[in-house]
Amino acid sequence: MSLTIPSPTAAPAPLAHPRTYQVRTFGCQMNVHDSERMAGLLEEAGYVPAEGDVADVVVFNTCAVRENADNKLYGNLGQLRPVKAANPGMLIAVGGCLAQKDRETIVKKAPWVDAVFGTHNVGALPALLNRARHNNEAQLEILESLDVFPSTLPTKRDSVYSGWVSISVGCNNTCTFCIVPSLRGKEKDRRPGEILAEVQALVDDGAVEVTLLGQNVNSYGVEFGDRLAFSKLLRACGEIDGLERVRFTSPHPAAFTDDVIDAMAETPNVMPQLHMPLQSGSDKVLKDMRRSYRSSKFLGILDKVRERIPGAAITTDIIVGFPGETEEDFQATLDVVEKSRFASAFTFQYSKRPGTPAADLPEQLPKEVVQERYERLTALQDRIAAEENARQLGQKVEVLVTSQAGRKAEETHRLSGRSKDQRLVHFSVPEGAEAPRPGDFVTVTITEAAAFHLVADSLTPADYHLRRSRAGDAWDRAQADSCGVPAPGSASGSSSGVSLGMPTLPPRRA
């Protein structure tokens with residue numbers, strides 16, 4: 001469905017002070033990717049990021065996977081109602097999966113919303129805002145199929161040192177618990193040349209890490225009939241000079257083939273880390289979920305990965321309390337988790353979503369049963385994660401330094417980053433040693449281990465090695481740009497190619 005009003009042809013008059021924006025993101029990596037495009041579109045239209053809590057435009061990029069997604073959105077919208085009343089001219093837009101699903105309902109429940117757009121027409125955001133302001137009434141535009149591939153839109157990257165690159169959108173699977181296929185449509189694949197050109201542009205701008213993104217990345221190529229397309233893409237990324245880390249998420253176990261494992265093992269910049277969604281360890285529940293694999297196949301994939309890539313860290317997704325799940329079924333999940341030795345797991349209590357086949361299944365489980373099983377699962381996984389992290393003690397690891405700091409950073413004075421296998425590492429810089437910039441690499445020795453992170457307290461300069469990188473240089477340029485000062489060696493202080501955006505830390509004041 002598409003409800004549209006012709007866009008005004010006249011360009012808006014220049015403003016004495018540029019309008020500000022915020023994009024608030026809920027949900028998965030695909031939503032993060034889409035939010036970067038929304039920010040890029042708004043900045044191309046003349047908006048600037050808001051520095052405080054109030055913005056001229058607030059965009060909600062929503063998720064519809066969890067049962068409380070509706071409540072979260074309408075709660076946030078309710079909090080903004082008095083803010084908007086106190087700020088004439090403020091606009092509120094809602095996009096993403098929940099907008100694709102609820103459509104007119106959003107404007108009915110929250111009539112102070114000015115624009116609603118779906119997953120297939122992210123590029124319409126600036127025009128919808130212009131029409132809402134011009135016509136002084138809410139604008140709704142929901143398309144049933146993709147009009148422009150999101151990765152072709154202007155981009156405001158969250159990070160200068162790493163970036164998401166979408167290789168496909170949509171999903172051809174029919175998992176009974178998942179609403180995503182009905183909201184994002186059938187799988188559509190980008191051509192390999194377009195993907196590699198975007199990766200190259202990111203690297204040219206200073207990025208050293210790229211994550212290939214898709215609903216089922218390893219089914220990439222189905223649209224143009226190349227079964228080996230994803231493994232070829234991984235190998236092609238290995239040929240890009242300056243690209244040091246390649247990751248991907250998320251694959252589907254049913255389509256995970258040996259050629260992908262070989263490409264991972266034989267391509268040096270593909271990291272020794274794999275996110276492989278299990279969902280359940282019970283073959284009966286997997287069948288009810290329409291997950292076209294069984295626990296033996298899943299465990300077999302993990303064995304092959306670890307044989308070819310020793311030390312690979314494997315993470316997963318698990319749903320507890322799917323309709324009809326018995327105690328025996330749940331024990332099967334615990335058994336597979338014990339055997340799999342996941343580095344970490346995203347665990348979820350089953351959430352009934354209207355419009356999915358599972359919502360109509362009998363034997364929906366009581367909340368207290370699901371909660372008790374969930375607690376047992378998380379306790380098991382936390383123990384395993386702590387044990388697996390303890391195996392890192394005394395190991396030297398290379399860490400890509402990030403701009404995000406740990407909760408206790410102010411008191412510990414530690415910086416943070418990610419190891420090659422994606423483990424979170426908090427590390428200290430020895431007295432007298434040079435501190436890294438976000439985007440630089442440090443090699444440190446692990447001295448402490450917990451379930452969710454590692455610690456490397458370098459006692460002497462011999463325990464710490466810094467490798468400055470192009471990404472660190474890009475960080476410096478972005479910091480200089482945020483102050484309006486050209487970076488050394490740059491004519492304008494800005495980078496070329498795909499915009500990587502500003503750092504996540506607040507800009508320094510002149």
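The structure presented is a predicted model; accordingly, all values stated were derived computationally and were not measured.
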(request) On the 0 to 90° scale, with breaks at 30° and 60°, tag the W475-Y161 ring pair as parallel, tilted or perpendicular. (result)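 Ring orientation of W475 relative to Y161: tilted.
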(message) Does K101 have more than 12 heavy atoms from other residues, nucleotides or ligands lying within 6.0 Å of its NZ?
(response) yes
(request) Kindly check if the number of other-residue, nucleotide or ligand heavy atoms within 6.0 Å of CZ (R391) is above 12? (result) no
Do [X] and [Y] have their ring centres less than 6.0 Å from each other?
X    : Y    : value
Y293 : H252 : yes
F342 : F346 : no
Y374 : F348 : no

(message) Just by distance, no angles: are the side chains of Q331 and E327 close enough, under 3.5 Å, to form a donor-acceptor pair?
(response) no
(message) Is a donor from one side chain sitting under 3.5 angstrom from an acceptor on the other, for Q349 and Q371?
(response)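 Looking only at side-chain atoms, Q371 and Q349 do form a donor-acceptor pair, the distance falling under 3.5 Å.
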(request) Could you tell me whether the side chain of F248 reaches within less than 4.5 Å of the side chain of N218, counting heavy atoms only? (result) no
(message) Just so I know, are the side chains of V165 and T211 near enough to count as touching, which here means a heavy-atom distance under 4.5 Å?
(response) no
At what distance, to the nearest 0.5 angstrom, does [atom1] of [X] lie from [atom2] of [Y]?
X    : Y    : atom1 : atom2 : result
D421 : E388 : CG    : CD    : 10.5 Å
R191 : L196 : CZ    : CG    : 12.0 Å
M271 : M264 : CE    : CE    : 10.0 Å

(request) For the pair L400 and R245, evaluate side-chain contact (heavy atoms from CB on, under 4.5 Å) and give the outcome as yes or no after the intermediate values. (result) CA-CA 9 Å; L400 173 58; R245 294 187 173 189; 3.4 Å; yes
